[in-house]
Amino acid sequence: MIISNSAQDRFLKLEHLHDSSTHFNIKNTSDFNNSIDHIVGLLTDSFTLIKQNSYGSAVFLAITAMEEIAKTHYALYMKHNLSIKNSKDPMMNHSYKHGLSVSPVFKIGDRLPNVIGAEKIDEIISMVDQRNGLMDLRNNAIYWYTDKKGTHFPKDCIDKKIAQEILLFSIETFDDNLVGYSSYSMKIAADTDDIFQSIAKDYSSKESVDDRVVRKRKYSTEGFNLTDLIFESTKKEKSPK
């Protein structure tokens with residue numbers, strides 16, 4: 001399935017969910033608030049890792065938070081069915097959840113573009129909309145791999161600026177998708193707002209010459225294409241050898 005970054009295609013993707021079921025279920029406010037705690041924990045851990053200069057792991061957790069944000073949001077509305085196959089559950093598909101985490105109205109706000117710029121937001125959304133685009137960045141952030149050009153490690157493609165950008169983007173998806181559904185979500189959003197402001201202040205500080213060179217580099221998703229999506233791996237298991 002090819003997904004563009006147009007709002008129209010995002011609405012069509014949401015309409016598809018009305019005919020889908022998922023294993024996951026948010027049955028009451030307690031479940032929802034526990035999910036909020038879990039997501040804020042991922043975002044907080046990502047921030048802690050940035051402060052510890054562990055940028056690859058920070059990116060991995062920030063992207064994982066986006067997946068959990070989408071799962072929590074749409075588990076509120078989708079039909080709950082534990083008997084469906086994993087391959088039929090959109091919430092078991094990493095890339096699908098990446099796309100769902102970016103709502104059709106995501107770009108309306110000005111908080112994120114005021115920090116990283118509209119062009120950078122478009123670049124990240126474009127990566128979200130590519131099949132396995134954000135998955136490849138997620139995997140490059142945590143795994144090393146070897147290709148014809150040699151052996152590559154997370155530090156080769158993930159730096160502080162990238163980690164900050166992805167975490168800011170993830171926090172914005174959290175605010176856009178989930179804050180407001182419960183009084184607790186609005187209360188705890190103050191914590192993620194503090195993280196956002198802290199990163200924004202550091203991100204906007206005067207950069208060194210080396211930082212400016214790194215800043216121009218595009219996100220690296222080349223060379224590693226681990227298809228560990230349950231949706232895809234299930235197909236492979238069923239394919240005859």
Side-chain angles (χ1 to χ4, degrees), residues 1-14 16-17 42-43 46 55-71 73-74 87 89-107 112-113 116-147 149 152-159 161-174 176-177 214-236:
M1 177 170 52
I2 298 175
I3 305 169
S4 76
N5 61 0
S6 70
Q8 181 179 2
D9 283 353
R10 293 194 184 283
F11 278 119
L12 291 174
K13 191 173 185 181
L14 294 180
H16 169 70
L17 292 181
L42 291 171
L43 296 171
S46 177
Y55 305 129
S57 297
V59 166
F60 183 88
L61 287 184
I63 294 175
T64 301
M66 291 172 61
E67 298 173 13
E68 295 294 86
I69 288 164
K71 185 171 75 178
H73 189 181
Y74 294 102
S87 60
D89 187 347
M91 297 300 106
M92 300 289 279
N93 184 317
H94 294 288
S95 291
Y96 201 89
K97 288 183 288 187
H98 297 161
L100 287 174
S101 71
V102 182
S103 76
V105 296
F106 179 80
K107 294 171 64 176
L112 187 59
I116 68 176
E119 182 179 351
K120 183 57 61 177
I121 293 173
D122 286 340
E123 183 183 339
I124 298 173
I125 291 177
S126 176
M127 185 162 48
V128 169
D129 289 334
Q130 296 171 13
R131 183 164 181 78
N132 286 345
L134 203 61
M135 273 301 297
D136 289 344
L137 179 66
R138 173 184 180 270
N139 290 329
N140 284 343
I142 201 73
Y143 301 115
W144 66 268
Y145 66 94
T146 302
D147 61 14
K149 297 179 181 179
H152 311 273
F153 297 90
K155 65 182 180 64
D156 297 328
C157 61
I158 306 293
D159 56 51
K161 289 295 182 184
I162 290 176
Q164 289 177 321
E165 288 161 359
I166 296 298
L167 179 53
L168 288 172
F169 191 93
S170 185
I171 290 172
E172 198 71 0
T173 64
F174 168 69
D176 191 48
N177 281 277
V214 168
R215 184 74 181 85
K216 294 179 181 179
R217 190 177 65 211
K218 295 293 184 180
Y219 291 106
S220 174
T221 59
E222 296 179 356
F224 188 67
N225 188 21
L226 176 64
T227 309
D228 67 345
L229 305 176
I230 295 176
F231 188 76
E232 289 298 319
S233 61
T234 304
K235 287 184 178 179
K236 290 184 177 180

Would a distance-only check, ignoring hydrogens and angles, find a side-chain to backbone donor-acceptor pair under 3.5 Å from [X] to [Y]?
X	Y	value
D122	E119	no
N140	C157	no
D156	H152	no
D176	E172	no
S46	L42	no

Cationic N near anionic O, under 4.0 Å, E67 to R138: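 Counted as a salt bridge, because a side-chain N and a carboxylate O are separated by less than 4.0 Å.
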[X] [atom1] to [Y] [atom2] distance, which is reported to the nearest 0.5 Å:
X	Y	atom1	atom2	result
F153	T146	CZ	OG1	7.0 Å
E165	D159	CD	CG	8.0 Å
M127	M135	CE	CE	12.5 Å
I69	L43	CD1	CG	5.5 Å
Q130	H98	CD	NE2	13.0 Å
Y96	S101	OH	OG	12.5 Å

Tell me the closest heavy-atom pair linking [X] and [Y], and the distance in Å.
X	Y	value
K97	P90	CG-O, 4.1 Å
A62	S170	O-OG, 2.8 Å
V59	A163	CG2-CA, 3.6 Å
K149	D147	N-OD1, 2.9 Å

Is there a side-chain contact between [X] and [Y] in this structure, where contact means two heavy atoms from C-beta onward sitting under 4.5 Å apart?
X	Y	answer
L112	K107	no
I63	H94	no
I124	V102	no
L100	H73	no
I142	S57	yes

Validation row, ring centre F106 to ring centre F169 under 6.0 Å: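 Under 6.0 Å, so yes.
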